[in-house]
Enquirer: 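Below is one structure. I have some questions about it.
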Amino acid sequence: MSKYRKKESSSEDSDSEEERRKKDIKERDEFANRLKAKDESKIRKLAMPAGSGAAEAAKRLKIMETDMREKLVPKLRVESRRKYLEKRKEDKVAELEADIIDDEYLFEEEILTDRERTERAHKKQLLQLAKEHEKARELERLQRYYMPLEKGKLAPELEVHDNEPPQSEQSKWESDQMSSAVFRFGAKDRKAQQDYDLLLEDEVEFVQALRMPGSEKNRKREDSPPPQVKALQTIQEMKKSLPIYPFRNDLIQAIKDHQVLIIEGETGSGKTTQIPQYLYEAGFAENNKIIGCTQPRRVASMAVAARVAHEMAVKLGNEVGYAIRFEDCTSHRTRIKYMTDGTLHREFLSEPDLASYSVMIIDEAHERTLHTDILFGLVKDITRFRTDLNLLISPATLDATKFSEFFDDAPIFRIPGRRFPVDIYYTKAPEADYIDACVVSILQIHATQPSGDILVFLTGLLINTFIITSQDEIETCQEMLQERVRRLGSKLRELLILPIYANLPSDMQAKIFQPTPPGARKVRKIDYFSFVKYVAFVVYLVYICSSCHEYSGNVINDRQYSMESLMVVPISKASANQRAGRAGRVAPGKCFRLYTAWAYQHELEDNTVPEIQRINLGNAVLTLKALGINDLVHFDFLDPPPHETLVLALEQLYALGALNHRGELTKLGRRMAEFPLDPMMAKMLLASEQYRCSEEVATIAAMLSVNGAIFYRPKDKIIHADTARKNFHIPGGDHLTLLNVYNQWRQSDFSTHWCYENFIQHRSMKRARDVREQLVGLMQRVEMELVSGITETMNIRKAITAGYFYHVARLSKGGHYKTAKHNQTVSIHPNSSLFQELPRWILYHELVFTTKEFMRQVTEIESKWLLEVAPHYYKPKELEDSTNKKMPKVAGRSRPDGTN
DNA sequence: GAGCACTGC
C-alpha cells in the first residue's frame, strides 16, 4: 500500500503528518460518537406506538406486483443468445491461443516466477479443454440415443395408437426393445419412423450413473399428483403437518443447551416460519429482546414476515415485522424480526454487539452471499462475550459440517425433509446446442416416461445460488418446444409449457402451483417434479482484480485492472445435486443432466465459489474497518477471500483517503462507511460538498445505482427511443445526462406519463428516487451540507473525478482509449453520449466486458483536475498530453511482485 | 455499434 506514499517526505514532514493523522483519528472517533448519540435518541423516539405498518406493507406488495407486470414488456429478439455465446467462445479460444504463443515468445521459461509458470500451465490446460470439447462435439453428431424407461410400463399415448400404421411399427419396435435394459428410442429407418422423425432429428442419449438415495426408500412411486393443501385446513393443522413439527421440543431443548446450533433442513421443512414462533412461545423474546432472522432477499423477508404474522394472528409490523432497505416495518412491540442479511450487516454499525437480540438466525446460510459470509465472522466473534445470545445457522443439507467446524464444532440439528430416491442420468456425449438438446430431451421424456411433471433449468444468471434464467432463452426454448409439439399433433398427450422467470407477472406464476389436469403433463419450474434436467452452464458475476492470477469461479483472472464481467461457467457439483434433489420431493424421480458423467467428475467444482471470493470487497472492507476490525487478513472468514482482492480493496481505500498509511480508518473513511455505496461513489458524494453541488451529485449517485436501466428501447420503436435519449444529452457526458433526466422527471412532478413519452423506465426512476431520498438522509446524518444551484458543470465533474480518479482513460494516438494507470485498451460504449465525441480525457463509471472492454457512463474531464483531486495518485508527468511517450514493449504486463 | 440479466445495502 505504500506505493502511493510520498517518498520525499523529510522527518519534519513526517512529524506533521503524524500530527495530522492523530487529529484525523480524533475527529473520526468524535464523529462516530456523535452518530451513536443520534442513533440512541432515535431508538428512544421509536419506542412509541406502531404506525400502520401492515397497511404500508400491503401497499408495498401491491406496488411490487404492478411493477412486475409493467416490467413484462414482450421482447422478441431476432438474435439468439446462443449465437452470441458461440461467437464469443471462438474469439476467446483464439485469444487464449495467441496469448500463449505471445507469452512463450516473450518470456523464456527460466525467467518466470513459479506463479507465472502456474499461470501459463493454467492457460494451456484451458486451451486443451476447449479443444477437447470441440472434438467431442464432432463426435456427438455421429451418436445414436437411448432413453431410460421403467420396465413394463409404456407411456399411455404409445399404447392407445397401437392399431394405426406408423404407431404399430413404432409399438412393435418398442416391445422388441423392452427386453433390453436400456430402452432405445428412435431408429435410423426414416421411412418407417416418419411420424417420429420430428422427434428423432436429434435425440439425446443418456446413461444412468447413480442413484441419489432418499429418506423414504420403501414408499412406492405415486403416479398421482401430490395431495393439494385443502383450503379449509386450519392454521394449526397446517403447522402440525410441517416436517419440523415433531422436532419442536427437541429443537427448543437443543437451543437452550447450546449457544450456537447448526440447523440443517431443506427449504419447505418449515424452519424459516416455525423456528422463530417456537422460540417466541418458549420465552426467548422476553425482556424486550428480539428474535432476529436474516434472509438473503427482500421479497423473502417481507413474505415470510407476513406469513408468520398471519399464523400468529397479529398485525404485520407489531409483534412480527421486517426491515429491508427503504423500509422498516417494525415497532417497539416487534419481537420477531425478519430482515435481509445486508440490513443486519448495516445494523452492526450502530449496534456492534446486537444488544437488542436474544436469538439471531442466519437462514439460507448455504447461499453464501457476501453479507452472510461477513456476518458469520461477526456473530461468531460476539457470541464469545455475549453468552446470552443464541445463534442459529441454517444451511440446506450437505453444507452443515463445514458450518459446524467453523463455529467451533457446534452441534448439528437435522430436520429431515421428505426425500425419495432420484436416478441420475448423464448424456453419453457432450451436447453442442443445449437448448435444442433440452427440447429434444423434454419430448423424449414426455413420450417415454410415465406421469410426473418436468422441471427444466436453463442457463441463467447465477446470483449466489439463486438462478435467474434469462428470459430470452426460456422464450426460445418454449417456442421450439411448442413448434415441435404442434407438429406432432395428437400423437402426444397434452404438454403444458409454463415458463417462469423474474419478470413474469405474478398471476402467470400462480399457474405453476395449480394442479395438472388429468392426462396432461406440465413442464414447469417449482416443486413437485419427477424429472429434473438442466444444463451445465450458468453465468457468474465475477470480479477480476488486477493482481489475482488464480482461478476464480473458473475464470482466469488475467486482466490488468478491476472489472466486473459476466462469464459462463459450469455449475458446481453441490448446486447440481441440490437441483437433482428437487425431483424426489413427492415420489422417486429421475434427473437428466445434459452433460457427461466425465464432465461432472472433472469439469465441475465441488462447490459454488462464494461471492466473497469473486467480487470487489471495497465496501465490505470499509464497513469492517468502521466496526473496528483492523486486521482483515486474520479476520475469521468461513472462506477467506483471495489475498490479492483484499489488498486491492485496501489500496483503493487508501488512495481514496478512507484509510491512512497505517491502514486506520480516517474521518473521511468513517463518513464513507455510512453510505450503502461503493467506496468510489461514496467519496464522490462526500467530495461534492466542497464543490458546492451535493444535491446534484446525490442525484447522479442515485441514477448510477439503478444499473443502466433508465432508457427504454423497445425493438419496434428504436428510432423514437434513440431520438428521445439524444434529447437528454448534455455536453460533458453521461453523468450529466442522467442528472438531466432526473431533473426533468422531477419537473414533471415524477410523472409516469412523462416517462412513457420520453422512453424512460418509470420503475427505475422510482428506484432512483428511493435511493436518492436515502442518500440525502444519510448525507444529513454525516453532517454534510446540502447545496445546489451552480450554473456550470465543472464543479459537478470535479466532484465525480474526486471519487473516480481510478477510472480515467485518455485518447491515444491511435484514436482509441487507454486507461491512465494500466494502459489497458478500452472503448466507449455505443450507448454513451460521448460515443462519437472522443474527448482527450474521460472518466468512466464502470467497465464491462462483453465483446470488448466497454466503458459505461462516461464523462469528459480535464487532466489537471486529477492533480487537484488526487495529487497522491497522479504525478504531473503522467498526465502530459503528448501521446508520443514511448510505451514499454510489453505494455501493461505487470509482475506479481509489483515491478514492471 | 451493442444487445442478453440482476441480489443486497
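Chain letters run A, B, ... following the sequence lines, proteins first, then strands; residues in each count from 1.
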Enquirer: Measure CD/A:E846 against P/B:dC6 and give the value in whole Å, please.
Expert: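 The distance from CD of A:E846 to P of B:dC6 comes to 16 Å, rounded to the nearest Å.
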
Enquirer: For A:Y357 and A:E347, does a side-chain donor sit closer than 3.5 Å to a side-chain acceptor?
Expert: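 Yes, a side-chain donor-acceptor pair sits under 3.5 Å.
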
Enquirer: With sequence neighbours excluded, what pairs up with A:R772 under the salt bridge (charged side-chain N to carboxylate O under 4.0 Å, His left out) test?
Expert: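 Result, salt bridge (charged side-chain N to carboxylate O under 4.0 Å, His left out) vs A:R772: A:E695.
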
Enquirer: For the pair made of CG in A:D722 and C1' in B:dA2, what is the distance, rounded to whole Å?
Expert: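 Atom-to-atom, A:D722 to B:dA2, this comes out as 11 Å.
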
Enquirer: Does A:T343 make a side-chain N or O approach to OP1 or OP2 of B:dC9 shorter than 4.0 Å?
Expert: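 So the side-chain polar atoms of A:T343 do come within 4.0 Å of the phosphate oxygens OP1 or OP2 of B:dC9, strictly under.
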
Enquirer: In whole angstroms, how far is the C1' atom of B:dG1 from the CZ atom of A:R856?
Expert: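 Rounded to the whole Å, the gap is 14 Å.
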
Enquirer: Nearest whole Å is fine: how far is B:dG8 C1' from A:R298 CZ?
Expert: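 About 9 Å, once rounded to whole Å.
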
Enquirer: Base, sugar-phosphate or nothing for A:F675? Non-hydrogen atoms, less than 4.0 Å.
Expert: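 Counting heavy atoms under 4.0 Å across all strands, no contact is made by A:F675.
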
Enquirer: Expressed as a whole number of angstroms, how long is the span from A:L375:CG to B:dT7:P?
Expert: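 My rounded result for the distance is 20 Å.
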
Enquirer: Salt bridge (charged side-chain N to carboxylate O under 4.0 Å, His left out) with A:D341: which residues, sequence neighbours excluded?
Expert: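 In terms of salt bridge (charged side-chain N to carboxylate O under 4.0 Å, His left out), with neighbours along the sequence ignored, A:D341 is linked to no residue.
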
Enquirer: Nearest to the side chain of A:R297, which nucleotide is it out of B:dC9, B:dG1, B:dT7?
Expert: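 Side chain of A:R297 sits closest to B:dT7.
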
Enquirer: Check whether A:F711 forms a cation-pi arrangement with A:R725 (NZ or CZ under 6.0 Å from the six-membered ring centre, at most 45° off the ring normal).
Expert: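 Satisfied, under 6.0 Å and within 45°.
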
Enquirer: Tell me what A:N831 touches on the nucleic acid: a base, only sugar-phosphate, or nothing, going by heavy atoms under 4.0 Å.
Expert: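 The residue A:N831 makes base contact.
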
Enquirer: Check the distance between B:dG1's P and A:K726's NZ and give it to me in whole angstrom.
Expert: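 Going from A:K726 (NZ) to B:dG1 (P), I get 13 Å.
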
Enquirer: In whole Å, what is the span from the CG atom of A:D373 to the C1' atom of B:dG8?
Expert: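 Distance, rounded to whole Å: 14 Å.
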
Enquirer: Over how many whole Å does the gap from A:E347 atom CD to B:dG8 atom C1' extend?
Expert: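 A:E347 atom CD is separated from B:dG8 atom C1' by 15 Å.
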
Enquirer: Respond yes when some side-chain nitrogen or oxygen of A:T623 is under 4.0 Å from OP1 or OP2 of B:dC9, and no when none is.
Expert: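 No.
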
